[in-house]
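Okay, structure first, notes after.
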Amino acid sequence: MSEVYNHKIVEKKWQKVWDDEKAFKVENDYSKPKYYALVEFPYPSGQGLHVGHPRPYTALDIVARKRRMQGYNVLYPMGWDAFGLPTENYAIKNKIHPKVVTKNNVQRFKEQLHALGYSFDWDREINTTDPNYYHWTQWIFLKLFKAGLAYKSEMPINWCTSCKVGLANEEVVNGVCERCGSEVVRKVKSQWMLKITEYADKLIEGLDSVDYVEKVKVSQKNWIGKSEGAEVDFIVKGKEEKLRIYTTRPDTLFGVTYMVVSPEHPMIEKYKEDIKNWNAVVEYKEMAAKKSDFERAELAKEKTGVVLDGLTAINPVNGKEIPIWISDYVLMTYGTGAIMAVPAHDERDWEFAKKFGLPIIEVVAGGDVQNEAFTNVATGTIVNSDFLNGLEVADAKKKIIEFLSEKGIGEKKVNFKLRDWVFSRQRYWGEPIPIIACDKCGYVPLEESELPLELPEVDSYMPTDNGESPIAAMTDWVNTTCPCCGGPAKRETDTMPQWAGSSWYFLRYTDPDNNEALASKEALNYWLPVDWYNGGMEHTTLHLLYSRFWHKFLYDNKIVPTSEPYQKRTSHGMILGENGEKMSKSRGNVVNPDDIITEYGADTLRTYEMFIGAFELSASWSEDGVKGCRRFLDRVWKLQDMITDDLEYSSDLETKMHQTIKKVSADFESLKYNTAIASMMALINEFYKKNQVTKGEFKTFITLLNPVAPHITEELWSILGFEGKIYQATWPEFDEEKTVENTIEIAVQINGKTKGTIAINREEAKEDVIAKAKEEIADKLTGTIVKEIYVPGRIVNIVQK
RNA sequence: GCGGAUGUGGCGGAACUGGCAGACGCGCUAGACUUAGGAUCUAGUGGGAGACCGUGCAGGUUCGAUUCCUGUCAUCCGCACCA
């Protein structure tokens, strides 16, 4: 009899062996077929690994291990996305250098990941905070700058009125500062921006060539939010100024009854003198400044606004004079910051008009516009619109745009919801932006030879009270000479956002120690694109889009060989607490992976996280479920007491063996880890029924299980004395013909309801099957038979009246 | 508000291009082994005494719907300076 399985000894033992052998070190061996599997590198937080982390890591570890067994040269790397706010805040609070905090956190994470037995190639570990790494982050920034894709712009930031620092959105809770509870307002600051909008069309088009799960593609498309419409100039009465608006519905131009501009719109200040209710306007502007864009759009059940008393606009198509309002539902960041309001055919305009008693004019027939906005564009016909009358919406759009262009009062315009990327942070713990500001020469890029531009040591990590990065206080570092004219100049003191380092990290893994380039051409040509990239849905619109943008830019500059970075993208669901809520300290439902590894073992944790449910959906933690997986592995362990010397499959299990190999192989590649494990459980249940398993069956079985539970299977492999190590074994093959059973049981239905079953031969002729079926349900065949249906190998359905 | 998803036993979840709903696991019940069992093994387990009824709800298409269509309700997630 075998002893009880001791995971503590076995897991440590094999982890050491794999380390000593450098089992998963991968060479740039260009003669072998490559496979690049990638998971999002973690932010090494102070809390240590969360049970959510192992879910995606195990999933791709399974794929990586399986692919190695199938003869691929597999790159499965890991690193640290270590710049960021929590580390900096921790450093401020505890007066420890963020570098030290990061080092400690990384070490803890690494130990935890190591204890899970992942097949990462640790020789390729990277860290975004390493100057040898951010050298190249800065280098890419310089390329973007030189290409005109990085520019400075006035952008609002969250400003705590008490701490006098800029805050991240996350640090603003219910409109007040998370730390001190004081009011947070929006303050305009000059910021570095990246022109991602320049790549908006390419980012949409590129989606056609990649294999992403559909919801990721849809999310990205919606985020980019391409819409086709028109810009139209309205005339401000009595002024030279034209007020330009953007609309997706130029066909409704005759239905305009008022205009709305965003509270930040520059025309308001410009015509200050003409506005009679200036105090009310100022008051409204102040109120709006306190809200984020999100809050403004959020559940805005009650529309608010103030009319600009003294200013009116002229509708360019019919000369009508209409009022101009300000309201916070119009955002300065989308379109032109001004809209024409057509209450009859837009819900927000309709609500606004109802509230303030503004007229509603129907211009598309088909609805009851006094009672609700009619927004259906598919069926409408234009009315009350002069030369557009009688046209369908789509035709009217074309005609009005032609008209506007001819008259020079408007034009067709494609707009994107996507906004340029705010690339500045007034923080310490980020990559310095390698730009020098010179009074004479403007913004001058640092010479490439000067990179990396390292973060200076500072006394305090707290932002200065005028909202600048703590680096600004380091005058020795800040004051420099202009590379262009040699005169006195100042370094940029803002740093890059955390997203910078993660926008290209997958390139660095291909050649992590290169000091001449971000990676060699040969390495990039061989490894790119990433074959399979898995990450969270929450990164779909930011990280994933940002990194595609950088990659496309690098591709256009012939630095990388592929137009898309990732061939395939999948997404895992969250792991929730036992109570079905998100795990959090405040809810007290956090599970620590270390505890699970100690008590049940890494293999159990890996198995459980794969078995917990559909990979793409969120799932609740269950300690009983963990126990069930441990029981499964114990049953696997005990199989060694029922092994026979037979190296073949036994005849009664041959079909089952081939079916299982087929199913497990396919499921591992299609995110169906839960059903792969279920089928392996079903297989050992068969062994247990017979109380016997052949050596051949056992060898195949543990090979299939190895990617999921690498330690226990390595130990069993060694106990049985199979050759070499299991991680070097060959993936089992199946014979398609042998997966098919000859005799099968099928259901017999009457009018679609199952009444019995019959056993048939797969090849049996229809007549024979139907005859058999009728015999089976003879006593229930009481009516007239109308139809007899036989779907080969599936079902018989007798339709009777 | 905009966008994305999800609703199936007591619970987590299966079900290929529409074809025996509930695989696999948990829990529960009974039995075996045992001084003992919170270990292990074996059997059973959607509801109903039954004809039958059952995949959020209401319709529809079909010989046949968890799967397709229309409407509806509920829940969860993201929203650009958290990562």
Side-chain angles (χ1 to χ4, degrees), chain A residues 4 40 42-43 45 81 83-86 155 157-158 166-172 191 196 214-216 218-219 221-223 225 292-301 329 333 347-348 417-427 497-499 502 536-543 545-546 573-574 576 580-582 608 611-614 616-629 631-632 634-635 638 672 674-682 685 688-689 691 745-757 786-789 791 793-800:
Chain A
V4 173
E40 287 169 348
Y43 175 71
S45 73
D81 189 13
F83 277 128
L85 202 56
M155 287 298 292
I157 61 166
N158 300 310
L167 300 176
N169 284 350
E170 194 188 56
E171 298 175 295
V172 183
Q191 311 244 51
I196 188 173
E214 197 53 31
K215 61 180 173 180
V216 169
V218 171
S219 286
K221 274 183 197 154
N222 287 329
W223 185 260
S292 66
D293 286 0
F294 174 45
E295 284 170 318
R296 286 184 183 195
E298 182 187 29
L299 309 171
K301 284 177 191 120
Y329 79 92
T333 47
E347 271 167 43
R348 286 168 307 176
K417 275 197 199 123
L418 183 68
R419 310 204 290 256
D420 277 342
W421 176 4
V422 183
F423 202 69
S424 295
R425 300 290 184 272
Q426 292 72 46
R427 292 282 175 171
Q498 169 277 337
W499 307 111
S502 61
M537 263 322 268
E538 69 276 20
H539 291 121
T540 301
T541 48
L542 299 180
H543 160 63
L545 205 60
Y546 290 155
M574 257 194 301
L576 306 171
E581 291 173 14
K582 212 169 169 172
Y608 175 64
F611 187 62
I612 190 168
E616 297 200 74
L617 303 180
S618 53
S620 303
W621 187 265
S622 153
E623 179 121 10
D624 281 336
V626 176
K627 286 180 191 162
C629 289
R631 193 173 299 159
F632 164 62
D634 282 333
R635 278 162 72 82
K638 284 185 288 185
K672 294 164 89 176
N674 53 339
T675 52
I677 292 168
S679 71
M680 288 190 275
M681 287 172 168
N685 288 346
Y688 268 79
K689 259 183 214 159
N691 200 29
E745 195 175 74
I746 62 165
V748 180
Q749 303 182 325
I750 294 176
N751 298 345
K753 306 247 184 228
T754 304
K755 300 293 176 185
T757 58
V786 190
K787 206 172 177 184
E788 293 166 345
I789 296 160
V791 182
R794 295 228 185 263
I795 205 160
V796 175
N797 189 12
I798 310 288
V799 184
Q800 69 172 12

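Here the structure is a predicted model, which means the values were calculated and not measured. Protein chains get the first letters and strands the later ones, always in sequence-line order, with residue 1 at the start of each.
- The side chain of N158(A) approaches C81(B) more closely than any other nucleotide in the set C79(B), C81(B), A83(B).
- Residue contacts shown for I677(A) are absent, as no nucleic acid heavy atom lies under 4.0 Å away.
- The shortest distance between side-chain heavy atoms of Q800(A) and N751(A) falls below 4.5 Å.
- Side-chain contact between H543(A) and E538(A) is absent, with no heavy atoms from C-beta onward closer than 4.5 Å.
- Of the side-chain N and O atoms in N674(A), none sit less than 4.0 angstrom from OP1 or OP2 of G25(B).
- M574(A) places its CE atom 14 Å from the C1' atom of A83(B), with the value rounded to the nearest Å.
- Ring geometry, W499(A) versus Y546(A): the interplanar angle exceeds 60°, so the pair is classed perpendicular (tilted spans 30 to 60°).
- Phosphate proximity of G25(B) to N685(A): present, with a side-chain N or O under 4.0 Å from OP1 or OP2.
- Here the separation of U66(B) from A49(B), taken at their P atoms, is 25 Å to the nearest Å.
- Nearest to the side-chain atoms of T757(A) among the listed nucleotides C20(B), C81(B), A80(B) stands C20(B).
- Here, U75(B) and C68(B) have their C1' atoms 24 Å apart, quoted to the whole Å.
- Within the 4.5 Å cutoff, the side chain of S219(A) has heavy atoms near those of the M537(A) side chain.
- U6(B) atom C1' lies 12 Å from atom CG of L576(A), rounded to whole Å.
- Candidate nucleotides G4(B), G78(B), C2(B) were compared by shortest atom distance to the side chain of K417(A), and C2(B) ranks first.
- Atom-to-atom, CH2 of W621(A) to P of C26(B) comes out at 16 Å; the value is rounded to the nearest Å.
- Each of E788(A), K755(A), Q749(A), K787(A) was scored for a side-chain contact (heavy atoms from CB on, under 4.5 Å) with I798(A), with one residue passing: E788(A).
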Close N or O pairs between protein and nucleotides 31-40 of chain B (under 3.5 Å):
from: U40(B); atom 1: O3'; to: K638(A); atom 2: NZ; distance (Å): 3.2

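- Side-chain N/O atoms of N222(A) include none lying less than 4.0 angstrom from OP1 or OP2 on C2(B).
- Each of D420(A) and G625(A) lies near RNA chain B, and the nucleotide nearest G625(A) is the one positioned closer to the 5' end.
- For the C1' atoms, the distance from A5(B) to G38(B) is 40 Å, rounded to whole Å.
- Because its glycosidic torsion is more than 90° from 0, G78(B) is reported here as anti.
- Nearest nucleotide to the side chain of M537(A), out of C81(B), G12(B), G4(B): G4(B).
- I157(A) is listed as a side-chain neighbour of Q426(A), based on a closest heavy-atom distance under 4.5 Å.
- Residue I612(A) is classed as a sugar-phosphate contact, given heavy-atom separations below 4.0 Å to backbone atoms only.
- Spacing between A39(B) and A30(B) at atom P, rounded to whole Å, works out to 15 Å.
- In this structure the side chain of I746(A) never reaches within 4.5 angstrom of the side chain of R794(A), judged on heavy atoms.
- Nearest heavy-atom pair, Q191(A) versus S424(A), reported as atom, atom and distance to 0.1 Å: OE1-CB, 3.2 Å.
- The listed nucleotides are C81(B), C26(B), G4(B); the one nearest the side chain of D624(A) is C26(B).
- Using a 4.0 Å heavy-atom cutoff across all strands shown, K221(A) reaches no nucleic acid atom at all.
- Nucleotides A65(B) and C20(B), compared at atom P, are 12 Å apart to the nearest Å.
- Checking A83(B), G13(B), G25(B) against every side-chain atom of A619(A), the shortest atom distance belongs to G13(B).
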Map every base of RNA chain B to its dot-bracket character, where paired means a Watson-Crick or G-U wobble contact with both distances under 3.5 Å and | marks a partner outside the strand.
(((((((..(((......[....)))((((((.......))))))((....))..(((((..]....))))))))))))....

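- For the pair E623(A) CD and G12(B) P, the interatomic distance rounds to 17 Å; values are reported in whole Å.
- When the nearest nucleotides of RNA chain B are assigned to V748(A) and S618(A) by heavy-atom distance, the more 5′-ward of the two goes with S618(A).
- Here the closest non-hydrogen pair linking I612(A) and A619(A) is CG1-CB, 3.6 Å.
- Considering every non-hydrogen atom in both F611(A) and C629(A), the closest pair reads CD2-SG, 4.0 Å.
- Evaluation of atom-type donor-acceptor distances gives a pair under 3.5 Å for the side chain of R794(A) against the base of C16(B).
- For K582(A) and U75(B), the shortest distance from a side-chain N or O to OP1 or OP2 is not below 4.0 Å.
- The gap from the C1' atom of C73(B) to that of C53(B) amounts to 23 Å, rounded to the nearest Å.
- Heavy atoms of Q191(A) sit under 4.0 angstrom from at least one base atom.
- Between the CD atom of E347(A) and the C1' atom of C2(B) there is a distance of 12 Å, rounded to whole Å.
- With both ends at atom P, the span from G37(B) to C28(B) equals 15 Å, rounded to whole Å.
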Close N or O pairs between protein and nucleotides 63-68 of chain B (under 3.5 Å):
from: C63(B); atom 1: O2'; to: N797(A); atom 2: ND2; distance (Å): 3.4
from: C63(B); atom 1: O2; to: N797(A); atom 2: ND2; distance (Å): 2.3

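- Here the CG-CD distance, from L542(A) to Q498(A), works out to 10.0 Å after rounding to the nearest 0.5 Å.
- Nearest to the side chain of W223(A), among C79(B), A15(B), G19(B), sits C79(B).
- In this entry the distance linking CD of E581(A) with C1' of C76(B) reads 11 Å, nearest Å.
- Taking the six-membered ring for Trp and thresholds of 30 and 60 degrees, Y608(A) and W621(A) have ring planes more than 60 degrees apart, a perpendicular arrangement.
- Residue Q426(A) is in base contact, counting any heavy-atom pair closer than 4.0 Å across all strands shown.
- Candidate nucleotides C2(B), C82(B), C20(B) were compared by shortest atom distance to the side chain of L85(A), and C82(B) ranks first.
- The shortest non-hydrogen separation linking I196(A) to D420(A) is N-OD1, 3.2 Å.
- The side-chain heavy atoms of R427(A) and F83(A), taken from C-beta on, include no pair separated by under 4.5 Å.
- With C81(B), C24(B), U6(B) as the choices, the nucleotide that has an atom nearest any side-chain atom of R425(A) turns out to be C81(B).
- V422(A) comes within 4.0 angstrom of a nucleotide base, judged by non-hydrogen atoms across all strands.
- A gap of 32 Å separates the C1' atoms of A23(B) and U72(B), to the nearest Å.
- Atom P of nucleotide A5(B) and atom CG of L617(A) are separated by 11 Å, given to the nearest angstrom.
- When side chains are defined from C-beta on, R635(A) counts as touching N685(A), because their heavy atoms get closer than 4.5 Å.
- Between I789(A) and V799(A), the shortest heavy-atom contact is CD1-CG2, 4.4 Å.
- For the pair K627(A) NZ and G27(B) P, the interatomic distance rounds to 8 Å; values are reported in whole Å.
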